[in-house]
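Please read the structure below before turning to the comments.
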Amino acid sequence: MRSFVMPKMAISMPLAVLAVCLLVIINETGYSRSTAAVADMARAQQTRAGLSSLLQYMLDAETSQRGFLLTGDVRYLEPYERVSDEISRTLQALRSNYLDNPSDLDEYSRLTRHIERKMSEIDVTVRLRREGNEDAWKFVVTTDVGQEQMEQVRSQAQKLIESSARRIDVAQEQIARALRLSRVGIALVALAGLLAFYLYLRQSTALALAGEREQSALESERLRLEAEVRERTATLAELATHLQQVRESERGHLARELHDELGALLTAAKLDVARLKSRLGDSPDATQRLQHLTELLNSGIALKRRIIEDLRPSSLSNLGLVPSLEILGREFAQRSGLDIETVLEPVELEENDQLTVYRLVQESLTNIGKYAQATEVGIALKDYSSHVTVEVSDNGKGFDVSRVVAGSHGLAGMRHRVEAAGGRLTITSVIGQGTRISATLPSRTSPRTAADT
Ligand SMILES: Nc1ncnc2c1ncn2[C@@H]1O[C@H](COP(=O)(O)OP(=O)(O)OP(=O)(O)O)[C@@H](O)[C@H]1O
Ligand SMILES: [Mg+2]
C-alpha cells in the first residue's frame, strides 16, 4: 500500500512548487514588459506633444512675422521673440527622446535643420523690414521660400508624430501581449495548482485509508492475541484446578490407604503384642521388650495419624470447619509460641470450599511462622447471608506485595483456589506493620456464578 502512495506524494509537491515558480516567472515577465511598454508609451506621447507644441510655436512665429511685415508694428514681433526660445528648448528636450533610435534621430535632425532654416528666413525678413529695406524683404517674401520651408517643417514634424504614434501602438500591443500571456499563464498555473491539490487530496485520503487499515489490522491482531491469552489463561486455570483436585483426591486416597491398611496392620500388631504379653508370663526381659515394642507401635500409630491429618484433615469431615480451624490455630500457637486470636462464626460452605478455607489458613499460618516475625496473629471467619469471609492477619514485618519472587507458590495457589471457588482474594501488607490475607467466598446458599463451575 505504501509503495503505491509514495510516487503520488513525490509528484504533488514538485508539481505545486513548479506551478508557483511558473506563476512567479510569468508574473515578473509580464510586469517588466508592461512597465517597459508603459514607459515607451509615455515617452512617445511626450514626444508627440512636444512636436505639436513645436508646430504651434512655428505657426505663432510665422503669424507674428507676417503681422510685422504687413504693418511694420513691432508689437507683432512679441510672439515671435517669445517662441524662439521655446523652440530651441523644445528641440533640446525632444533630442533626448530620440537618442536610442538612430532612424528617428536622423528624422529629428532633418526637422531641426528645417526649423533653423525657417527661423533664419523669418529673422532675415524681419531684420530687412526693420532696416527699411522694403524691396529686399518684399523680394524674399515673393520667392515663397518661407512657405516652402514651413511646409517642410510641417511634413517633417508630421513624420515624427506618426513615428511616435507607431511607437504608442507597439507599446500598446506589447501591453496587450503581456496581459494575454499573464492570462494564459495564470489559467495554466491555476490548473496545475488544482491538479497538485487533487493529487494531494488523493494522497492524503490514501494515507488516511492505509492508516485506518493498519490500525484496524493492529486492533484485530490485538483482539486476537487477547482472546488467545484469555483462552490460554482459562486452559491453564482449568489445568491448575484439575491438578489441585487430583492432588487433593490423591492425598485423600493416600490418607485412606494409610488409615485402612497401615492402621489395620499396626492395630493387628498391637493386639498380637498384647496377646504375647499375657502368654509370656513373668520373664522381665521379654516384658520389657514387649513394652518397648508397644511404645514403638504407639509412636507409629501417632505418626500415621499425623501424616493422615496432614494429607487430609479428618477433622474437617468429622468435626467441621470451625473446630478444624481452632485445632489448626491452637497447634500453630503451641508450635510457634505466638498469641492467636480466633473469631470463628459457623458458616455454610461447600465441602470443597471448606477445604479451600482450611488450606488458606494453613498456608497463611505457615508463612507467618516462616517470614512474619509477628507477635500477634488473628484468624477470623465471618458469615454473611450471601457470602463468607475468612481473614488471617499478623503484626509482623510485612512485605511488598508487588514483588513476590518467582518460584513462590503459596500465595498464588491460594488465589487460584479462591478464584476457582468463585471468590476473591485480597492481600494487603505494609512494611513494618503486618499482613492481612482475606478471602470472600460464596456461601452454600447463594446461587453460584458460571465462574464457580
Ligand atoms: N505473613 C507474611 N509476612 C511477611 N512476608 C510474607 C508473609 N506471607 C508471605 N510473605 C512473603 O511473600 C512471599 C511469597 O509467599 P508464598 O507463600 O507465595 O511463597 P513461599 O512461602 O516463599 O514459598 P511456598 O509457599 O511456595 O513454599 C514469601 O517469600 C514472603 O517473602
Ligand atoms: Mg508459603
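Numbering of residues begins at 1 and proceeds along the displayed sequence. Both counts, for ligands and for their atoms, begin at 1 and track the order of listing.
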What short N/O contacts, under 3.5 Å, does ligand 1 make with the protein, listed by atom pair and distance?
residue  : atom   : partner : partner atom : Å
ligand 1 : 1 (N)  : Asp394  : OD2          : 3.0
ligand 1 : 17 (O) : Glu363  : OE2          : 3.0
ligand 1 : 17 (O) : Asn367  : OD1          : 3.1
ligand 1 : 17 (O) : Asn367  : ND2          : 2.8
ligand 1 : 18 (O) : Gly410  : N            : 3.3
ligand 1 : 18 (O) : Leu411  : N            : 2.8
ligand 1 : 21 (O) : Asn367  : OD1          : 3.0
ligand 1 : 21 (O) : Lys370  : NZ           : 3.4
ligand 1 : 21 (O) : Tyr371  : OH           : 2.8
ligand 1 : 22 (O) : Tyr371  : OH           : 2.5
ligand 1 : 25 (O) : Glu363  : OE2          : 3.0
ligand 1 : 25 (O) : Gly410  : N            : 3.3
ligand 1 : 26 (O) : His409  : N            : 2.8
ligand 1 : 26 (O) : Gly410  : N            : 3.3

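For the residue pair Asp285 and Thr287, no side-chain donor N or O sits within less than 3.5 Å of a side-chain acceptor on the partner. No side-chain donor-acceptor contact under 3.5 Å links Gln433 and Lys397. Using a 3.5 Å distance cut-off with no hydrogens or angles, the side chains of Arg95 and Gln92 do not pair a donor with an acceptor. Between the side chains of Asn395 and Thr375, at least one donor N or O lies within less than 3.5 Å of an accepting N or O.
Between Arg417 and Glu248 there is a salt bridge, since at least one side-chain N of the basic residue sits less than 4.0 Å from a carboxylate O of the acidic one. Ion pairing of Glu219 with Arg222 is present here, as a side-chain N (NZ or NE/NH1/NH2) and a carboxylate O approach within less than 4.0 Å.
Tally of protein N, O or S atoms closer to the Mg ion (ligand 2) than 2.8 Å: 2.
To the nearest 0.5 angstrom, Leu441 atom CG is 5.5 Å from Asp353 atom CG. To the nearest 0.5 angstrom, Leu254 atom CG is 11.0 Å from Asp310 atom CG.
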Check the pair Arg110 / Glu107 against salt bridge (charged side-chain N to carboxylate O under 4.0 Å, His left out), numbers first and verdict last. CA-CA 5 Å; Arg110 225 166 279 148; Glu107 299 293 340; 3.4 Å; yes
